[in-house]
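Have a look at the structure below before the remarks.
Chain naming here is simple, since letters A, B, ... match the order of the sequence lines and numbering starts at 1 in each.
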Amino acid sequence: MALQLTTVLNSEQADAAATIEGPVLIIAGAGSGKTRMITYRIAYMLEQGIPQSEILALTFTNKAAAEMTERIRMITGKPMAKLTTSTFHAFGLAILKRHGSYLGYAKGFSVYDTSDKIGMLKASLVELQIDPKSVDLYSLAELISAVKTGRKKFSTDNMEYKPLYAEYNSHLKLYNAVDFDDLIMQPLVLFRDFPELLEYYRNRYRYILVDEFQDTSLQQYQLVYILASIHRNLCVVGDDDQSIYSWRGADFRNITNFEKDFPESKEIKLEQNYRSTGTIIQAANTLIKNNVKRKKKLLWTGDDKRGIIALSYPEDETQEADFIADKIKEVMIKNSLRYDNFGILLRTNNLLTAIEQALLSSNIPYTVSGGQSFFQRKEIKDIIAYLRVIANFDDEVSLLRIINTPKRGIGKSTLQFYRNIAEQKKCSLFSAISAASHAEDTGIRESIKRNSSELIDLIHLYKEQLFSKKNKTSLVKAMLTDISYKNHLIAEHPDNEQLAQWKIKNVDVFVSIIERWERNPDKKGDSLYDFLNSISLAGKTEPDQEAGKVNLMTVHASKGLEFHTVFLAGVEDHIIPHKRSLEEDPENIEEERRLFYVAITRARNNLYMTSCRTRKYMREVIDTVPSRFLIELPPELVEQPGEDTVADTESAVNYFELMRQKLIAGIS
DNA sequence: TGGGATGGGGTTTTT
DNA sequence: CCCCATCCCA
């Protein structure tokens with residue numbers, strides 16, 4: 001097959017795809033066929049004789065990485081076993097798995113997520129005799145992360161937390177665990193301290209591509225930079241207007257850094273939009289022009305079809321949800337669409353409940369991506385904690401989680417007793433419990449001692465079994481039976497049978513995930529370690545994503561997707577732009593605007609926005625004001641509520657005008 | 001000493 | 001509304 005780029009791509013796309021040597025910066029506007037360009041670019045590289053193994057493509061989500069591989073496979077018709085497409089974090093994890101021993105990590109180290117981190121911080125605070133209630137653990141976790149990723153330094157106003165930071169990191173080492181930031185940071189350390197490894201990776205990946213470049217952090221850029229600085233075959237693709245992850249360290253100054261570090265780079269702009277109607281594009285362009293800090297670019301489309309941008313003002317979140325459900329049915333029939341042509345986007349997760357309820361009662365099938373990750377659910381984390389301890393006895397966070405779940409009568413004081421032993425013997429908590437529970441005359445009640453040693457024995461037993469050739473799915477099932485986990489769930493919710501059953505179902509789903517993993521021939525390795533790694537970075541997507549369902553998600557999760565008709569709910573000041581975001585830093589208004597931009601550019605044809613007049617928040621009902629961004633849309637493109645939608649038409653039409661005045665008065 | 005009952009508070013976005 | 005922490009009882 002000879003690949004003719006110009007027949008499948010427009011001239012800018014083809015230029016971008018064909019420029020495979022040297023540094024390239026590709027600014028790709030929303031809906032400009034970026035993914036198409038990237039996949040053809042890699043297919044073209046392969047066709048030019050570049051081996052799969054020399055290409056490294058870094059993406060933002062696991063899903064994007066998987067999709068990229070799949071698309072290239074489709075184009076080329078060849079298996080892509082040697083091609084590396086990965087997220088930054090997964091890439092870092094792979095490196096640490098291979099060479100972690102250089103840095104003192106033992107095999108099977110645990111990867112801690114944010115909630116594990118917060119748990120550890122709490123413990124560290126107690127240890128340093130600081131009252132955990134006196135600080136906001138959430139922002140503390142953020143500080144720790146910012147320091148680790150080099151975004152912040154300890155200064156006079158947070159110096160008090162420096163010892164805590166040290167404590168936290170030494171605990172991680174002790175527990176043979178890493179946090180998410182380590183997955184980027186430790187590989188950098190590794191490359192700094194072991195030049196031969198850096199050399200190896202530089203030669204291994206001679207062509208590097210970074211997707212969603214605007215969302216990379218300074219450290220992630222550093223990682224790419226040191227790998228690519230010699231061969232300089234680095235292609236970065238991004239859109240500064242869609243940078244929406246600054247709170248996680250994304251820094252679109254990386255675009256400037258790139259231009260500085262690679263002065264010989266070529267810049268290509270993809271500005272033709274293939275996704276949306278002219279109406280949507282015009283509105284999006286007008287909106288984003290209000291951002292001062294951005295690269296100049298103007299989306300255009302050959303499409304002059306008129307789409308719909310409509311705005312309505314439901315009374316509260318229930319009416320909003322009902323409106324959306326009704327509208328979906330209406331638009332679906334009128335345009336003979338399917339449910340999966342619809343996306344409902346939300347700024348925050350807590351807006352989900354009302355919408356889900358309405359969809360449920362209207363019998364509209366839907367999937368949620370976002371909300372709490374499947375793997376973050378308590379019942380799932382519990383089981384993962386068992387597996388983690390089995391894989392890594394030093395993982396104290398996980399051990400503490402399971403030690404009294406299900407109840408074994410091991411409470412505060414027993415635990416303190418074990419802690420003291422660990423302290424004395426300078427050993428891990430696990431070894432301490434192990435020793436104490438088998439020892440005579442410990443001062444602990446016999447029953448508790450028995451329970452403790454039963455747990456230790458169980459861990460040992462399953463360690464042996466799970467690392468043998470035996471079927472892991474049935475072993476996990478057996479373990480769940482051994483600890484009567486399902487009974488525990490029922491006992492936990494004595495007055496809510498339904499909730500218990502739902503959790504039990506989740507546990508079953510988890511078991512089926514193990515089974516699916518075990519059967520998957522493409523998996524990277526087949527040990528328990530590999531399984532744990534495979535889920536440690538799993539994103540928020542539900543395991544069962546099916547077609548024929550309305551897609552419900554946060555705006556953040558919607559990046560890269562498109563729908564015939566998009567609903568954007570909660571278009572209210574305080575929600576988008578989000579109040580907290582602005583309180584943190586008024587300059588965040590630009591990022592909030594980009595979020596709004598991302599949301600509206602998801603729509604191919606129609607965009608329905610709702611702004612409630614009142615909204616229930618926690619316990620109280622608050623009066624709301626329409627989002628200030630609505631003022632920035634060209635008024636002639638936005639349909640206000642029509643005759644048949646609201647009883648009191650005039651007030652509805654005037655409402656926005658009124659609110660607008662209120663807003664303008666409020667802002668200035 | 002651990003477990004159940006009671007009261008207070010809360011996540012904006014996610015690898 | 002639900003989860004977590006604390007308090008008091010068995």
Side-chain angles (χ1 to χ4, degrees), chain A residues 58-65 86-93 111-115 117-119 122 131-133 136-139 141-142 145 149 178-184 212 215-217 219-220 243-250 345-354 369-373 375-376 378 404 406-417 443-445 447-448 451 491-496 499 535-541 553-559 570 574-584 588 591-592 594-596 598-599 616-620:
Chain A
L58 293 166
T59 61
F60 197 64
T61 61
N62 298 298
K63 200 172 137 218
S86 156
T87 63
F88 273 97
H89 289 89
F91 180 62
L93 177 59
V111 180
Y112 284 170
D113 66 18
T114 314
S115 63
K117 183 189 215 163
I118 287 186
K122 211 189 277 175
D131 178 14
K133 274 189 297 185
D136 176 11
L137 285 164
Y138 205 75
S139 54
E142 243 156 41
S145 172
T149 54
V178 297
D179 62 16
F180 280 143
D181 299 319
D182 282 322
L183 294 176
I184 311 298
E212 306 283 10
D215 285 326
T216 52
S217 67
Q219 270 199 329
Q220 288 169 331
S243 174
I244 53 175
Y245 283 94
S246 72
W247 48 275
R248 217 181 66 192
L345 309 186
L346 315 160
R347 169 69 235 261
T348 60
N349 275 311
N350 59 25
L351 307 182
L352 265 168
T353 19
S369 33
Q372 204 187 24
S373 152
F375 297 108
Q376 305 266 90
K378 208 170 161 186
N404 204 28
K407 299 256 181 307
R408 296 190 176 85
I410 304 173
K412 236 193 205 152
S413 53
T414 312
L415 202 58
Q416 191 51 50
F417 177 80
I444 308 176
R445 270 218 307 271
S447 64
I448 292 177
N451 287 345
E492 281 265 276
H493 304 284
D495 45 344
N496 197 341
L499 183 63
I535 58 171
S536 63
L537 295 176
K540 288 209 159 186
T541 12
M553 66 189 81
T554 63
V555 179
H556 280 89
S558 77
K559 201 173 65 167
H574 305 298
I575 295 182
I576 185 164
H578 201 279
K579 193 173 160 209
R580 280 181 93 123
S581 160
L582 296 185
E583 276 167 4
E584 214 169 74
N588 283 342
E591 176 139 327
E592 294 291 313
R594 288 193 291 270
L595 261 172
F596 195 69
V598 167
K616 203 156 93 205
Y617 188 70
M618 306 260 198
R619 269 176 203 159
E620 48 187 344

Check: A:Ser145/A:Asp181 side-chain N/O donor and acceptor closer than 3.5 Å: yes
d(CD, A:Glu212; P, B:dT15) in whole Å: 12 Å
Touch class at under 4.0 angstrom, heavy-atom based, for A:Phe60 against every strand present: sugar-phosphate
5' precedence on DNA chain B between A:Asn588 and A:Asp181 (nearest-nucleotide basis): A:Asn588
Residues forming a ring-ring contact (aromatic ring centres under 6.0 Å, His included) with A:Phe88, sequence neighbours excluded: none
Contact under 4.0 Å: A:Asn349 side-chain N or O vs B:dT14 OP1/OP2: yes
Interatomic distance, A:His578 NE2 vs B:dT12 C1' [rounded to whole Å]: 5 Å
Partners meeting side chain to side chain contact (heavy atoms under 4.5 Å, CB included) with A:Thr353 (sequence neighbours left out): none
Sugar-phosphate only, base, or nothing, as touched by A:Gln220 at under 4.0 Å among non-hydrogen atoms: nothing
d(CZ, A:Phe180; P, B:dT15) in whole Å: 8 Å
ring-ring contact (aromatic ring centres under 6.0 Å, His included) partners of A:Tyr112, counting only residues at least two apart: none
Listed partners of A:Asn451 passing side chain to side chain contact (heavy atoms under 4.5 Å, CB included), at least two apart: A:Arg408, A:Glu454
Are any protein N/O atoms closer than 3.5 Å to N/O atoms in nucleotides 1-3 of chain B? If there are, list each pair with its distance.
from, atom 1, to, atom 2, distance (Å)
B:dT1, O5', A:Ser413, OG, 3.2
B:dT1, O3', A:Ser413, OG, 3.3
B:dG2, OP1, A:Gly411, N, 3.0
B:dG2, OP1, A:Thr414, N, 3.4
B:dG2, OP1, A:Thr414, OG1, 2.1
B:dG2, OP2, A:Lys412, N, 3.4
B:dG2, OP2, A:Ser413, N, 3.2
B:dG2, OP2, A:Ser413, OG, 2.8
B:dG3, OP1, A:Gly409, N, 3.4
B:dG3, OP2, A:Asn404, ND2, 3.3

Phosphate contact (B:dT15 OP1 or OP2) by A:Arg248 side-chain N/O below 4.0 Å: no
Distance, P atom - from C:dT6 to B:dT11, rounded to whole angstrom: 16 Å
For atom CG of A:Leu346 and atom C1' of B:dT12, their distance in whole Å: 12 Å
Using the 3.5 Å cut-off, write out each protein N or O paired with an N or O of nucleotides 5-10 of chain B and the distance between them.
from, atom 1, to, atom 2, distance (Å)
B:dG9, O6, A:Arg619, NH2, 2.4

Side chain to side chain donor-acceptor pair (under 3.5 Å) partners of A:Ser246, counting only residues at least two apart: A:Glu591
Which nucleotide in C:dC4, B:dT12, B:dT13 has an atom nearest any side-chain atom of A:Arg580: B:dT12
Side-chain N or O of A:Thr554 closer than 4.0 Å to phosphate OP1/OP2 of B:dT14: yes
Rounded distance (Å) that lies between atom P of B:dT12 and atom CG of A:Leu352: 14 Å
Per-pair stack call A:Trp247 and B:dT13, 5.5 Å, 30°: yes
Between C1' of C:dC4 and CD1 of A:Ile118, the distance in whole Å: 13 Å
Side-chain donor or acceptor of A:His556 paired with backbone N/O of A:Ile244 under 3.5 Å: yes
Note, A:His89 side chain near A:Ile184 side chain (heavy atom, < 4.5 Å): yes
Distance below 4.0 Å between A:Asn350 side-chain N/O and B:dT12 OP1 or OP2: no
Sugar-phosphate, base or nothing in reach of A:Thr353, heavy atoms under 4.0 Å: nothing
Nearest listed nucleotide, side chain of A:Arg347, among B:dT11, B:dT13, B:dT15: B:dT13
Counterpart residues, side chain to side chain donor-acceptor pair (under 3.5 Å), relative to A:Glu583 (two or more places apart): none
Partners meeting side chain to side chain contact (heavy atoms under 4.5 Å, CB included) with A:Thr61 (sequence neighbours left out): A:Lys63, A:Ala64
Separation of B:dT15 C1' from A:Asp113 CG (nearest whole Å): 10 Å
Integer-rounded Å distance: B:dT15 P and A:Phe91 CZ: 19 Å
